[in-house]
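Below, all heavy atoms of this structure are taken into account, side chains as well, without hydrogens, waters or symmetry copies. A, B, ... follow the sequence lines: proteins, then strands. Residue 1 opens every chain.
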Amino acid sequence: MKQADLPAKYDASQVEDKWYAYWLENKFFHSEPNDKEPYTIVIPPPNVTGILHMGHVLNNTLNDVLIRKARMDGKNACWVPGTDHASIATESKVVAKLKAQGINKEDIGREEFLKHAWEWKEEHGGIILQQLRKLGCSCDWDRTRFTMEPALSEAVINTFVYFYKKGWIYKGVRMVNWDPEALTAVSDDEVIHKDTQSHFYHLKYYISDGQGHPTDKYLVIATTRPETIMADAAICVNPKDERHFWLKGKKVLIPLINREIPVIEDDYVEMDFGTGCLKVTPAHDVHDYEIGLRHNLPVLEIIDDHGKLNEKAQILVGEDRFVARKKIVKMLEESGNLLKVEDYTSPVGYSERTDAVIEPKLSAQWFLKMEKLAATALETVESGRTNFIPEKYVNTYRHWMENARDWCISRQLWWGQRIPAYYLPDGSYVVEATPEAALKAAQAINPAIKAEDLKQDEDVLDTWFSSWLWPISVSDPEKPGHPEHQPNKDLAYYYPTNDLVTGPDIIFFWVARMIMAGEEFMGKEPFSNVYFTGIVRDKLGRKMSKTLGNSPDPLKLIAEYGADAVRIGMLLCSSAGNDIFYDESQVQQGRNFCAKIWNSFRLIQGWTVDDSAPQAEASALAVKWFRDQLSRTIETVEDHYSKFRISDALMTIYKLFWDEFCSWYLELVKPAWGAPIDRATYDATLSFFDALLKLVHPVMPFITEELWQHLAERKEGETIMYAATPKAQAYDAAFLERFDLAREAIVAIRGVRAQKNIPPKEALDLKVKASFPQEMLPVVAKLAGLSGTEVVADFGDTAMGVALLVRTAELFVPLTGLVNADEEIAKLEAELAHKKGFLEGVRRKLSNEQFVAHAPEAVVAVERKKEADALSAIESIENQLKALRK
RNA sequence: AGGGGCGUAGCUCAGCUGGUUUAGAGCGCUUCAGUCACAUUGAAGAGGUCAUCGGUUCGAAUCCGAUCGUCCCUACCA
C-alpha cells in the first residue's frame with residue numbers, strides 16, 4: 001500500500017519552511033505588469049522596529065487570502081510589502097536605548113543620533129517582514145519598500161514643496177498638543193482623553209482699586225489648574241450674567257503676584273458652570289487662546305517645553321507643573337485666596353505614546369490645509385468609488401471629513417523627513433526640495449546669501465505625511481508632488497490598487513489621507529475597497545497588550561500548531577468590523593482541520609484500485625451527489641468572497657470538506673476494509689480532492705501545497721498557487737433535494753439505533769412507502785447499516801418496529817422485541833401536537849383574507865404546501881397511533 | 001455632552017431589499033461508540049419567549065419610536 005509514503009501525522013514544521021522556500025526560489029510571489037488583469041494590495045506598512053502581534057496576524061492573513069484567491073482566479077496578483085519608519089515610535093525606542101547607555105540625544109546631536117537610529121533600523125528593521133514569511137504571506141518581496149528609503153523620502157519632500165507652492169502649506173502659531181516627555185507636538189488624534197480625578201479650586205481674585213491694590217471686594221473663579229494663574233490675561237464673564245454686572249470695567253488682581261488684569265465679557269462662558277467667572281489663560285488653554293484672540297489679550301507663557309514653570313511665572317520657577325500645583329494651593333490657602341476645594345473628575349488629554357498629560361502650548365508649526373482635500377476625499381467615498389466594508393464606517397468617515405481641521409504636519413523629532421524650509425539670517429525662509437535649489441531661491445531674495453547662511457528647519461514631517469503616499473510611491477516615487485510626471489509602467493499598471501485591509505482606528509490618519517493624496521496626484525482613488533478588521537481582543541474582551549501580557553506570541557503559536565492552523569484560528573472569528581475575540585481553542589480547531597484534511601487523504605491514498613470492479617450503486621450516487629454539492633457550495637463561497645465575508649467563506653469550505661466530503665461522501669464510497677475500489681469512483685474522488693485543495697488553498701496554503709504534490713506527479717516549478725479556482729458547474733437541484741431527504745432518513749434511523757442501543761454492526765431492515773425516492777435506497781442502506789430495504793404499500797403491524805416520518809415520507813424499521821408501545825405512543829403524541837400547532841398557525845394565515853389578498857402568490861403557495869404536508873404528516877402519525885393502540 | 005454601532009443558544013457569530021425560519025452555524029456541553037483514515041475522531045442529542053415595551057403591516061429577529069444594557073468615535077465645562 002502506498003499509505004506508507006505519508007506520515008501518519010501531519011507535521012506542519014516539516015512542511016511549511018520547505019514550501020515557502022520553494023515558492024521563493026520559483027519567484028511565485030513576484031509580479032510584473034503584463035496583459036492580464038492586475039490585482040494589487042499594498043501592505044499596511046508595519047513599524048520598521050515592530051514585531052509581529054496578533055493584529056498583524058489577522059490583517060496579513062486576510063490580505064494573503066485575498067491575494068492568493070485573486071492569483072488562482074487568474075489575475076496578476078501583486079502584494080507590495082514594506083515598512084514604515086514610524087518617527088515617534090522608532091525615535092522613542094532609540095532614545096530609550098541610548099538612555100540606557102547613559103547617552104542623551106541632545107548631547108550627541110542630530111547627525112550622530114541619526115547614525116544610531118539607522119543602526120537600530122538595520123538591526124531590527126525588517127524582523128517583522130521575516131515573521132510574515134512564517135505566516136505564509138505571499139508578498140512580492142522584490143518590491144519591498146521602506147517609507148524612509150531615499151526615493152520615498154524624496155517623494156515626501158517633493159510633496160511638501162508641491163503643496164507649499166500651491167499655497168496649501170503654511171506656517172502658523174497654533175495651540176498644539178505638547179507632549180512634555182517626548183518633547184514634541186502630537187496631533188489631536190494622538191491625544192487620548194481619560195477621565196481623571198482632580199480638584200476644582202475656588203479662588204478669590206480681589207478687585208483692584210485702580211492703583212494695583214486690593215479692595216475688600218472680590219470675585220470667585222473655579223479652576224483645575226491653579227498653577228497657571230500667573231499667566232492669566234483676564235477674567236471673563238458672560239455678558240448676560242446679571243450676577244456679574246457689577247464687575248463691568250473693573251480690574252482684578254491675580255493672587256500671589258498681584259498683577260492687574262481686566263474683566264471682559266464673552267458668550268463662551270457658561271453661566272451655570274462653576275462660578276460663572278472664567279480665568280482666561282491664553283498661553284495654556286485652547287479656548288482661552290481663542291478668547292484672547294477675540295479680545296486682543298496678551299499671551300504670557302509660563303510653562304516651558306519640559307512642563308516646568310519658567311521665570312515669567314515669577315513664583316515657583318523651575319517647578320514641574322504638578323508639583324507647582326500642590327505648592328501653589330498651599331500658598332493660596334495661606335494667603336487667604338483659596339475659598340474651597342471640590343473633588344472633580346474631568347477629562348484630561350494624555351499622549352498616546354508616552355501617556356504624559358498633554359500641555360496645550362503655543363508653537364510654530366507647519367500646517368496643511370484640509371478643506372479641499374477633505375471635500376474631494378469625502379466625495380470619493382460617498383460616490384462609491386471607494387467602498388467601505390462594513391459600510392457603517394462611512395458615517396465615521398463623513399463626520400471626520402466634514403470637520404477636518406488643518407493637518408499639523410511638523411514634528412519636533414529627528415527621525416523622519418526633515419522639513420525643506422531654509423531660513424535666511426533675517427528670519428525669512430524659502431521652501432525647496434534641495435539645499436542647492438534653496439540657495440538659488442534665497443539668492444534671488446538676497447544675492448549675498450551663501451550656503452552656510454541658510455539654516456534648515458529643525459523639524460521633521462509627521463509619519464503619515466509619508467505613508468499617505470504609499471499606494472503611489474511604492475510603484476513610482478517620482479509621482480507625488482509632480483502632477484505633470486507621466487506614471488511609470490508599474491504605477492500605470494498597478495494603480496489604483498484593489499483592496500486595502502486595515503483597522504478602523506487609522507481610518508482618518510491613513511485611509512482618508514491616502515484617498516486625499518491619491519485624488520490629488522493621480523486624480524483617482526487609491527483603492528476600490530477598504531476592509532476594516534476589528535481589534536483583536538482576548539477571550540475576556542480586553543485589548544491585547546504587552547502590559548496585560550494577554551497577547552500570545554504568534555511565532556510560538558505557529559511553531560506549535562503550524563501557520564495554517566493559526567490562520568484558520570484568526571479567520572474563524574473575524575467578521576468584518578467586529579472586534580475579534582481570540583482564543584487559542586480556535587487555533588486548535590485549525591490544527592484539527594489540518595489533521596482532518598491529512599487523514600482523509602491518507603484514506604484515499606491507501607485504496608487499491610481494481611479496474612475491473614464495477615461501481616457500486618451507492619458510489620455512483622455519491623459521485624453524482626458530491627459533484628453537484630461541490631458546485632452548489634462553490635457558488636456560495638464565491639458569493640461570500642465577493643462580499644468580503646471571509647470567515648463565512650472559510651466556514652462554508654470547512655463544512656464542505658469535513659461534513660460533506662469526509663462524513664458523507666467518503667463514508668459512502670469507502671470500500672470494505674482491504675477491498676479494492678473501482679476505477680470510476682477512485683478517479684472521481686481524486687478529482688474532488690483536487691478541487692477541495694484548491695478551494696482551501698487561499699486560507700491554508702501550506703498543507704494544500706504539500707498534499708497537492710501527492711495527487712499527481714509534479715514537475716519542478718508547478719504549484720497549487722497558480723492552479724485555477726474550481727468553477728461551479730450546472731447542477732441538478734432536485735437531485736440534491738432527494739439526496740438530502742435520504743440523509744435525513746439516515747439520521748433518523750441512526751437516531752433509532754442510538755435510542756434503542758442497537759450496535760452499529762447489527763444490520764437493520766427498512767420498509768418505505770412509495771413516496772420515498774427509491775433511487776436513494778442504496779445510499780440509505782450503506783450509511784444506516786441496513787441489510788435489506790423494501791418498498792411496501794402497508795407497514796403491517798407497526799407495533800413490531802419503529803415508524804419514522806421524514807418530511808412527508810414514511811419509513812419503518814422493523815425491530816422485534818425492542819419496541820415499547822407506550823414510549824412510542826408518547827413520542828408520536830408529542831410530534832402530533834407539534835404538527836397540529838404548526839398546522840393551526842398555517843391555517844390562521846391562510847384563512848386571513850388580507851393575507852391571501854396581499855401576499856405574493858408564491859408565498860401563498862408555499863403556505864398551502866405547508867398545510868398539505870402537515871395534513872399528510874398528521875394523518876400518518878394518527879394511523880401509526882391507531883395501530884399501536886390496537 | 002453629541003454622534004454611531006451593537007444586544008439572536010453557555011461562547012463567537014449568520015440570518016442580505018419583512019414572507020418555504022413556531023429561528024441557523026461553528027465551538028462548547030450531554031449520551032453512546034476503542035485495533036478497519038482520523039479520539040486533533042465518529043454517531044446521536046439537549047439548548048433560544050431573537051434585550052424590553054409600543055407602533056407600522058395581512059405578516060416583524062428583520063422596518064419605525066421609546067426604554068434599558070453595552071461598546072466605539074468626536075468634543076471637552078474653565
For B/rC58, does OP1 or OP2 lie under 4.0 Å from any side-chain N or O of A/Lys845? no
List the residues meeting side-chain hydrogen bond (donor to acceptor under 3.5 Å, both in side chains) with A/Asp505, not counting sequence neighbours, and say none if there are none. none
Expressed in whole Å, how much space separates the P atoms belonging to B/rG19 and B/rC64? 15 Å
Might you list the N or O atoms of the protein lying below 3.5 Å from N or O atoms in nucleotides 1-8 of chain B, with each pair's distance?
| unit_1 | atom_1 | unit_2 | atom_2 | d |
| --- | --- | --- | --- | --- |
| B/rG5 | O2' | A/Lys392 | NZ | 3.3 |

Could you list by number each residue of residues 744-757 of chain A showing a heavy-atom separation from RNA chain B of less than 4.0 Å, or answer none if no residue does? A/Val747, A/Arg750, A/Gly751, A/Ala754
Would you tabulate the pairs of protein nitrogen or oxygen atoms and nucleotide nitrogen or oxygen atoms of nucleotides 61-65 of chain B closer than 3.5 angstrom?
none

B/rG59 P sits how many Å from A/Glu849 CD, rounded? 14 Å
B/rU74 phosphate, OP1 or OP2: any side-chain N/O from A/Arg405 under 4.0 angstrom? no
Show your working on salt bridge (Lys or Arg N to Asp or Glu O under 4.0 Å) between A/Glu762 and A/Lys756 and close with a plain yes or no. CA-CA 12 Å; A/Glu762 193 176 315; A/Lys756 308 286 178 204; over 6 Å; no
Using the ring pair (Phe, Tyr, Trp, His ring centres under 6.0 Å) criterion, which residues pair with A/Tyr654? Sequence neighbours excluded. A/Phe593, A/Trp658
Can a side-chain donor-acceptor contact be found between A/Asn238 and A/Tyr268 if the only test is distance below 3.5 angstrom? no
Applying the Watson-Crick and G-U criteria (both distances under 3.5 angstrom) with [ ] for crossing and | for other-strand pairs, one obtains for RNA chain B (((((((..((((.....[....)))).(((((.......))))).....(((((..]....))))))))))))....
Compute whether any side-chain donor of one residue and acceptor of the other, for A/Asp869 and A/Thr808, lie under 3.5 angstrom apart. no
A/Lys670: what forms a salt bridge (charged side-chain N to carboxylate O under 4.0 Å, His left out) with it, not counting sequence neighbours? A/Glu667
Hydrogens and angles aside, do A/Tyr665 and A/Thr685 bring a side-chain donor and acceptor to less than 3.5 Å of each other? yes
Residue mapping more 5' on RNA chain B - nearest nucleotide basis, A/Thr224 or A/Asp648: A/Asp648
Residues that A/Phe388 engages under ring pair (Phe, Tyr, Trp, His ring centres under 6.0 Å), provided they are two or more places apart: A/Tyr397, A/Phe532
Using a 4.0 Å heavy-atom cut-off, does A/Pro760 contact any base of the nucleic acid, only the sugar-phosphate backbone, or nothing at all? nothing
Which residue pairs pass the salt bridge (Lys or Arg N to Asp or Glu O under 4.0 Å) test with at least one member in residues 648-666 of chain A, sequence neighbours excluded? A/Glu660-A/Arg743
How would you list, by chain and number, every residue that makes a side-chain hydrogen bond (donor to acceptor under 3.5 Å, both in side chains) with A/Asn848, sequence neighbours excluded? none
Residues in side-chain hydrogen bond (donor to acceptor under 3.5 Å, both in side chains) contact with A/Asp267, at least two apart in sequence or another chain: none
Between the protein and nucleotides 40-42 of chain B, which nitrogen or oxygen pairs are less than 3.5 angstrom apart?
| unit_1 | atom_1 | unit_2 | atom_2 | d |
| --- | --- | --- | --- | --- |
| B/rU40 | O4' | A/Asn592 | OD1 | 3.1 |
| B/rU40 | O2 | A/Arg591 | NE | 3.4 |
| B/rU41 | OP1 | A/Asn592 | ND2 | 3.2 |
| B/rU41 | O3' | A/Lys596 | NZ | 3.4 |
| B/rG42 | OP1 | A/Lys596 | NZ | 3.2 |
| B/rG42 | OP1 | A/Trp658 | NE1 | 2.4 |

